[in-house]
Amino acid sequence: MHRRFIVPSALAATLLLAIPAAAAPGTVGAPGIGDPYYPASGNGGYDVSHYDLRLKYQPKTDLLEGTATILATTTQELSRFNLDFGLDVSEVRVNGKKAGFATSGDHELEVTPAQPLAKDRAVSVVVRYAGKPSELKIGGWTAWARTPDGGVAAQEPDSAVWWYPSNDHPLDKATYDISVSVPDGTQAISNGVLQSQSSKLGWTRFNWRSDKSQATYLSTLAIGRFDVTTDRTADGLPVLNAYSKDLGPHAGAARASIERTTEVAEWLTGVFGPYPFNALGGYVPNVTSGFALETQTRPFYSPKQFANGANVSVVVHELAHQWYGNSVSVDGWKEIWINEGFARYSQWLWSEKEGEGTAQELADYVYAQHPADDPFWKVKPGDPGPDKQFDIAVYDRGALALQALRNEVGDEVFFELLKGWPTERAHSNANVGDFLRYAERVSGKPLAALFDTWLYRPSRPAGPAVAGAGLAGKALSDGRVERPASWKKIAATNTVHDHGDRGHRDDAAEGRPGHDHR
């Protein structure tokens, strides 16, 4: 999915409160966090520690009313700073005092405190707002899906702009309390643990908490009528799955897949180490999109992911992201291999565990399917560019790189790496270079050339590189490699992160051309 910060809002430059004289040089927070793929993403000058969102939503009209309280620490002196947001704002307070605010571009909320903020100080920001998220279009698309019984916020690389103000980039992760009031008979599903639920005067309020750091694009909200199942893992973590009451013919396959969440998560703890969060589950709203997304603790699945029957492989993919992508997050979007290469490889490991094709056999098959002149090899998983960020090559070439690494260092060290990395880097950000240095330290081997060959060269590895990766050389010469039994289910997830419609993205669509999961 791609950002679209293009057309200025109709309210651009509207000054709703008096703004002090021009800020002194160096005291205005940057309107972007510095990501070269998405220069308008995030903001500079502060670091958020917590979001408290108190919301009210009317499904019949799509009206969302909210009060967001943002706790942050300044990283520089600030006479003005930005938040990423698109709905209409009625009031902003900074440290309890009314602040000036204006809009610019198509998602920038510029906030001017009554008094400049000193560096390294705690700050609270309260934003009151309202609007209809489905009517907000940025670059022609929306991350808010209207459904017959409500609405859903789930998208990548961003979705927060449509429902709450934030510092919208994975570099600034925070904890969350999300409280949502909806008409009786309707439910609100979000991240983390449901702390409480109460009804009054025809409205029911759901209070959710995520107590570990979470990137903004991994926050989610689904409002509608759901059938909910609950469980606990062997370690006692709460599991909550939710299914729209109107999934039609996809209902059985969706349940048959997602009800295996506990089983898959317990298996993944043996591969990646202890589960990093306080809850898990998944939800399937009645949306028309086709992608899936690893929204933290509670992945989003489009019903179309199960159009051809149950598919546990997509559940494996999205749950693997809880370690690789959610706990250890990218520090910039060009580092997407940190997310997608490992999630794809987890599907190969699940195939191996289920006896439907080893990871080596899947690597052989992928390599054989793409001749040297295939555009597949032009995409560099280590730096694919914003237009190819979710290309299938990022997933499959990314997994090939991991198989090459496995064969180079041996199984014992390789699986030590898979467990050690998310433990050492838990709840932080990282890039490909960080993982390379970690792998070299643990394995005691120089690996830069291997990483360069499989992640950064815009060409099909051949000769010694292929032999070193352990690929079946002779069989590959004429492309005659037997297709593993698991391939059909894995390929069905190739669009998992395909948000080519610039709406919801599909994290489970790894097999289709062009894009994969989220």
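These numbers come from the heavy atoms of this one structure, side chains and all, not from hydrogens, waters or symmetry mates. Keep in mind it's a predicted model, so treat the numbers as computed, not measured.
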At what distance, to the nearest 0.5 angstrom, does CD1 of I336 lie from CG of D383?
12.0 Å
Roughly how far apart are N278 CG and K212 NZ, rounded to 0.5 Å?
6.5 Å
For V94 against F81, the heavy-atom pair lying closest together:
CG2-CZ, 4.1 Å
Can you tell me if E340 and H321 form a side-chain donor-acceptor pair at under 3.5 Å?
yes
Report yes if some heavy atom in the side chain of F206 is under 4.5 Å from a heavy atom in the side chain of S190; otherwise report no.
no
Out of curiosity, L455 CG to L405 CG, how far, rounded to the nearest 0.5 Å?
9.5 Å
Straight-line distance of T103 OG1 to D88 CG, nearest 0.5 Å
9.0 Å
Heavy atoms from other residues, nucleotides or ligands near CZ of R121 exceed 12 (cutoff 6.0 Å):
no
Quick check: are there more than 12 heavy atoms from other residues, nucleotides or ligands sitting under 6.0 Å from CZ of R209?
no
At their closest point, which heavy atom of E110 faces which heavy atom of S104, and how far apart are they?
OE2-OG, 2.8 Å
Residue set satisfying ring pair (Phe, Tyr, Trp, His ring centres under 6.0 Å) with F376, at least two apart, ordered chain then number -> H370
Hydrogens and angles aside, do S179 and R205 bring a side-chain donor and acceptor to less than 3.5 Å of each other?
yes
Any side-chain heavy atom of I178 within less than 4.5 Å of one from Y164?
no
Close side-chain approach of S79 and V28, heavy atoms under 4.5 Å
yes
Test side-chain contact (heavy atoms from CB on, under 4.5 Å) applied to N95 and L117, step by step:
CA-CA 10 Å; N95 292 337; L117 305 173; 3.7 Å; yes
Is it true that the side chains of T75 and D47 contain a donor and an acceptor less than 3.5 Å apart?
no
What are the two closest non-hydrogen atoms of S213 and H427, and how far apart are they?
OG-CB, 3.5 Å
So which atom in G224 and which in T186 form the shortest heavy-atom distance, rounded to 0.1 Å?
O-CG2, 3.3 Å
With heavy-atom distances below 4.5 Å as the criterion, would you say the side chains of W163 and L53 are in contact?
yes
Rounded to the nearest 0.5 Å, what separates atom OG1 in T27 from atom CG in L78?
7.5 Å
Would you indicate whether the side-chain heavy atoms of R397 and W377 approach each other to under 4.5 Å?
yes
Mind checking the CG-CG spacing from L268 to L418? Nearest 0.5 Å is all I need.
10.5 Å
Under 4.5 Å between any side-chain heavy atoms of L136 and W144, yes or no?
no
Using a 4.5 Å cut-off on heavy atoms from C-beta on, say whether the side chain of S346 contacts that of F272.
yes
Quick check: closest heavy atoms across Y217 and D168, and the distance to 0.1 Å?
N-OD1, 4.4 Å
Shortest non-hydrogen pair, P381 vs W337, comes out as O-CB, 3.6 Å
Looking at W333 versus Y37, is the centre-to-centre ring distance below 6.0 Å?
no
Assess the side chains of N167 and Y51: does a donor N or O sit below 3.5 Å from an acceptor N or O?
no
Flag the pair F85 / W162 as yes when their ring centroid distance falls below 6.0 Å, and as no otherwise.
no
R128, CZ atom: more than 12 neighbouring heavy atoms under 6.0 Å:
no
If you define the side chain from C-beta out and look only at heavy atoms, does anything of Q214 sit under 4.5 Å from K173?
no
For residues S134 and D62, is any side-chain donor paired with an opposing acceptor at under 3.5 Å?
yes
Criterion side-chain contact (heavy atoms from CB on, under 4.5 Å) on R298 and L240, from CA distance to verdict
CA-CA 8 Å; R298 191 148 291 106; L240 185 147; 3.6 Å; yes
For side-chain contact (heavy atoms from CB on, under 4.5 Å), just list the numbers for L55 and L221, CA-CA rounded to whole Å, side-chain angles, deciding distance to a tenth of an Å, and then say yes or no.
CA-CA 11 Å; L55 311 173; L221 177 62; 4.0 Å; yes
Ignoring hydrogens and angles, state whether a donor on the side chain of T220 or Y283 is under 3.5 Å from an acceptor on the partner side chain.
yes
Does Q115 CD have over 12 foreign heavy atoms under 6.0 Å away?
no
Please identify each residue that fulfils side chain to side chain donor-acceptor pair (under 3.5 Å) with Y129, with sequence neighbours left out.
none
Counting the benzene-type ring for Trp, do F435 and F342 have ring centres under 6.0 Å apart?
yes
Using a distance-only test with no angle check, is there a side-chain donor-acceptor pair under 3.5 angstrom linking D211 and Y176?
no
Show your working on side-chain contact (heavy atoms from CB on, under 4.5 Å) between F390 and E156 and close with a plain yes or no.
CA-CA 10 Å; F390 302 109; E156 182 185 24; 3.5 Å; yes
Could you verify whether a donor N or O on one side chain and an acceptor N or O on the other, from D177 and N207, lie under 3.5 Å apart?
no
Any chance the side chains of Q296 and N191 put a donor and an acceptor closer than 3.5 Å?
no
